[in-house]
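As structure tokens, the structure follows; a few thoughts come after it.
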Amino acid sequence: MSDYSYPLKDAEFIINDLIGMENIVDEDRLDEVNGELVSAILEEAARLGTEVIAPLNVVGDREGATLDENGVRETPGFADAYRQYTENGWSALPFDEEYGGQGMPRILGTATEEIWQSSNLGFSLCPLLTHGAIDAIEKHASGELKSAYLPRLISGEWTGTMNLTEPQAGSDLAAINTKALPEGDHYRITGQKIFITWGDHQMTENVIHLVLARLPDAPAGVRGISLFLVPKFLLDENGEPAERNDVHCVSVEHKLGIHGSPTCVMAFGDSGGATGYLVGEPHRGLMAMFTMMNVARQSVGLQGLSVSSRSYQQALAWAKERLQGTKSDGSRFPIIDFPDVRRMLMLMKSGTEAMRGLAYISSAESDASRITSDPGQAAKHTARLELFTPIVKGWLTELSQELTSYGVQIHGGMGYVEETGSAQHYRDARITTIYEGTTGIQANDLVGRKLLANKGEVLADLLREIQETSKALVATGDLSGIGHALQQGVDTGFEASQWILDNARESRDVAGGAGVNFLMLLGYVCGGWVMGLSALKASEKLAAGSGDEAFFKAKLITAKFYSEHFLPRAGACLETIKAGPGSMMEMPLEQF
Ligand SMILES: Cc1cc2nc3c(=O)[nH]c(=O)nc-3n(C[C@H](O)[C@H](O)[C@H](O)COP(=O)(O)OP(=O)(O)OC[C@H]3O[C@@H](n4cnc5c(N)ncnc54)[C@H](O)[C@@H]3O)c2cc1C
């Protein structure tokens with residue numbers, strides 16, 4: 001057992017009450033996939049998470065993964081936990097039934113993923129990347145590759161990796177050098193990839209690498225990159241792993257956190273070339289890889305929530321136990337009675353609830369786009385999901401830096417030493433703003449592709465919807481304070497996007513300088529929207545006398561706190577955006 005417990009009530013509230021089953025499940029499946037089934041699935045996942053995966057979190061941190069002549073040896077205990085994870089069908093939950101998936105809504109994949117991530121961030125990265133590989137293969141690979149690889153990836157018998165980064169090509173993928181030479185029905189891949197998460201391990205019989213490389217006739221830049229599937233073991237005529245392919249992990253990084261997740265340097269073709277198969281069209285690999293990256297970006301955003309939620313639970317338990325104040329009668333009281341400790345706990349509680357709501361609502365857009373038969377509606381849901389992706393990735397992970405830091409702060413000195421485990425959450429959270437595109441890269445995507453490219457229409461549509469929520473809150477009377485704060489947040493959103501639209505043409509520095517503040521502004525406002533929706537629903541439930549009264553009352557307080565402590569930050573972001581890039585770009589280099 002561990003100290004972690006999944007906040008099931010909050011998840012049920014978001015899925016059943018805020019989103020609604022009818023928006024994520026086909027009409028004809030509503031009898032089968034209903035609120036009861038959702039609860040049963042989440043309870044079962046939480047059992048595996050808390051009893052099996054979470055106790056290995058500290059083991060992963062202390063013992064990590066090692067490399068020997070047989071390749072990477074994962075943390076002791078992980079293989080058995082992974083076996084239980086796959087045997088119970090968790091890896092197949094949200095995938096297409098055609099290839100052995102269970103065809104459950106994506107949002108259930110997201111909710112269960114929160115459980116694996118909160119339980120053990122290092123462990124959860126293995127299924128995370130497999131998930132992305134499945135989506136990329138499903139969408140872009142040939143029928144033959146799909147039949148050979150998808151069923152075993154979906155069942156979890158094999159795992160997947162994502163091989164983009166090279167020493168000279170990090171954020172800038174145009175610099176990729178790995179080569180692919182055609183040879184009959186396949187290609188010979190040579191090159192080195194660095195920082196490859198779960199690039200090797202012994203938990204499964206095969207590891208399937210998705211690799212970006214260049215064909216001999218490739219044009220320069222990102223338009224000359226192709227995507228290849230490179231298995232660790234080549235398949236024999238029966239589709240079973242047989243001959244060892246020429247791809248090996250040559251070292252494992254020592255790093256700040258997520259020690260349970262092996263971060264590998266991968267050598268392709270040291271003995272002549274690794275056999276690889278083209279996925280999708282030649283030179284269109286980056287587009288195919290974006291399918292994988294977008295899934296992974298949502299999942300990494302979710303990591304920001306998951307690690308903060310675990311950190312919060314631990315800080316809360318500590319704050320209730322740690323005695324520091326002394327009353328006039330000489331008795332001592334716990335630190336949770338101090339307003340400043342309350343402030344930090346409420347920032348953690350309201351922050352994580354807003355993050356969860358936004359991550360789940362975003363995931364539900366993917367279900368909504370699948371179940372509608374109206375192409376216009378499907379396009380709208382897809383555009384909303386694309387808009388949410390950099391916000392979920394960027395805002396949730398940036399906020400997790402602050403929240404996990406409060407987790408340490410609430411522990412005082414015991415937070416700084418490793419004994420309590422709070423420091424691990426803080427260290428583990430640090431990577432989330434870096435991989436899958438740094439926050440700077442998310443901001444570029446948000447401003448470039450999601451604002452300037454469509455003149456802000458998709459964003460304006462979202463802001464108008466948030467405005468409706470603020471009006472509904474104001475109209476209740478009781479919740480009008482939350483409504484006014486949200487309205488101000490929406491106004492800053494409109495003003496900031498208009499300012500960027502008006503000024504971006506002046507120079508590239510305008511959008512580049514404003515991006516991260518714009519992303520954070522929208523994150524705070526979207527979080528305020530989720531909390532506003534939650535307050536409306538909670539108050540409706542309280543008036544109807546239905547459900548858990550204490551939970552709904554707490555939700556109202558949490559929403560109010562969020563509106564008072566997080567929403568005003570949107571105004572500060574706006575002021576910074578409007579100051580423009582002058583003071584950051586004017587400084588002569590030699591004066592830094
Ligand atoms: C633990 C770990 C696991 C990883 N897992 C994988 C994996 O599985 N597969 C994989 O392919 N890669 C993986 N990566 C690599 C990761 O995705 C990159 O580290 C990340 O994309 C940043 O690239 P970089 O390290 O080269 O930094 P750089 O690109 O050098 O960035 C350095 C700084 O410059 C900024 N910057 C760079 N370009 C721009 C720009 N255009 N606009 C604004 N700011 C910019 C960045 O925001 C950052 O602050 C992993 C990395 C780590 C540390």
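Numbering of ligands and ligand atoms starts at 1, following listing order. Bear in mind that the values here come from a model prediction, so they are computed numbers and not experimental data. Numbers here are sequence positions counted from 1.
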Where the closest heavy atom to atom 28 (P) of ligand 1 is concerned, which of P167, S171, A443 has it? S171

State whether a side-chain donor-acceptor pair under 3.5 Å links T433 with R430. yes

Which atoms of ligand 1 are found less than 4.0 Å from any heavy atom of E436? 17 (O)

Electrostatic pair R73-E63, nearest N-O below 4.0 angstrom: no

Side-chain donor-acceptor pairs of residues 306-313 under 3.5 Å, sequence neighbours excluded:
unit_1, atom_1, unit_2, atom_2, d
S306, OG, Q117, OE1, 2.9
S306, OG, L302, O, 2.9
S308, OG, G304, O, 2.6
S309, OG, R356, NH2, 3.4
R310, NH1, S118, O, 3.0
R310, NH1, S119, O, 2.8
R310, NH2, D3, OD1, 2.9
Q313, OE1, S5, N, 2.9
Q313, NE2, S5, O, 2.4

G407 backbone acceptor or donor facing T404 side chain under 3.5 Å: no

Which atoms of ligand 1 have any heavy atom of M162 under 4.0 Å away? 7 (C), 8 (O), 9 (N), 10 (C), 11 (O)

Hey, is atom 35 (C) of ligand 1 under 4.0 Å from any protein heavy atom? no

Considering all protein heavy atoms, does one lie under 4.0 Å from atom 30 (O) of ligand 1? no

Heavy-atom protein contact below 4.0 Å for atom 26 (O) of ligand 1: yes

Among H201, R152, K232, which residue satisfies the side chain to side chain donor-acceptor pair (under 3.5 Å) criterion with T159? H201

Search all heavy atoms of Y149 against all heavy atoms of P231 and return the closest pair with its distance. OH-CG, 3.5 Å

Nearest protein heavy atom to atom 49 (O) of ligand 1: under 4.0 Å? no

Within the structure, does Y435 bring an N/O atom to less than 3.5 angstrom of an N/O atom in ligand 1? no

Considering only heavy atoms, does I441 approach ligand 1 within less than 4.0 Å through its side chain, its backbone, both, or neither? side chain

Taking 4.0 angstrom as the limit and counting only heavy atoms of I431, give me the atoms of ligand 1 inside it, by number and element. 1 (C), 2 (C), 52 (C), 53 (C)

Any nitrogen or oxygen of K255 lying under 3.5 Å from a nitrogen or oxygen in ligand 1? Just yes or no. no

Suppose the criterion is side chain to side chain donor-acceptor pair (under 3.5 Å): which pairs have a residue in residues 266-285, not counting sequence neighbours? R188-T275

Give the minimum heavy-atom separation between F388 and Q298, together with the two atoms involved. C-NE2, 4.4 Å

Please work out, at 4.0 Å between heavy atoms, whether the side chain, the backbone, both, or neither of N444 comes within that distance of ligand 1. side chain

Atom of D445, atom of K450 and distance for their closest heavy-atom approach: OD2-NZ, 2.9 Å

Relative to ligand 1, is T438 under 4.0 angstrom through side chain, backbone, both or neither, heavy atoms considered? side chain

Between T197 and ligand 1, which part of the residue brings a heavy atom under 4.0 Å of the ligand: side chain, backbone, both or neither? both

Atom of A504, atom of L452 and distance for their closest heavy-atom approach: CB-CD2, 3.9 Å

Please report whether atom 10 (C) of ligand 1 has a protein non-hydrogen atom at a separation of less than 4.0 Å. yes

Using a 4.0 Å heavy-atom threshold (strictly under), name the region of L164 that reaches ligand 1: side chain, backbone, both or neither. both

If you measure every N/O of D172 against every N/O of ligand 1, is any gap under 3.5 Å? no

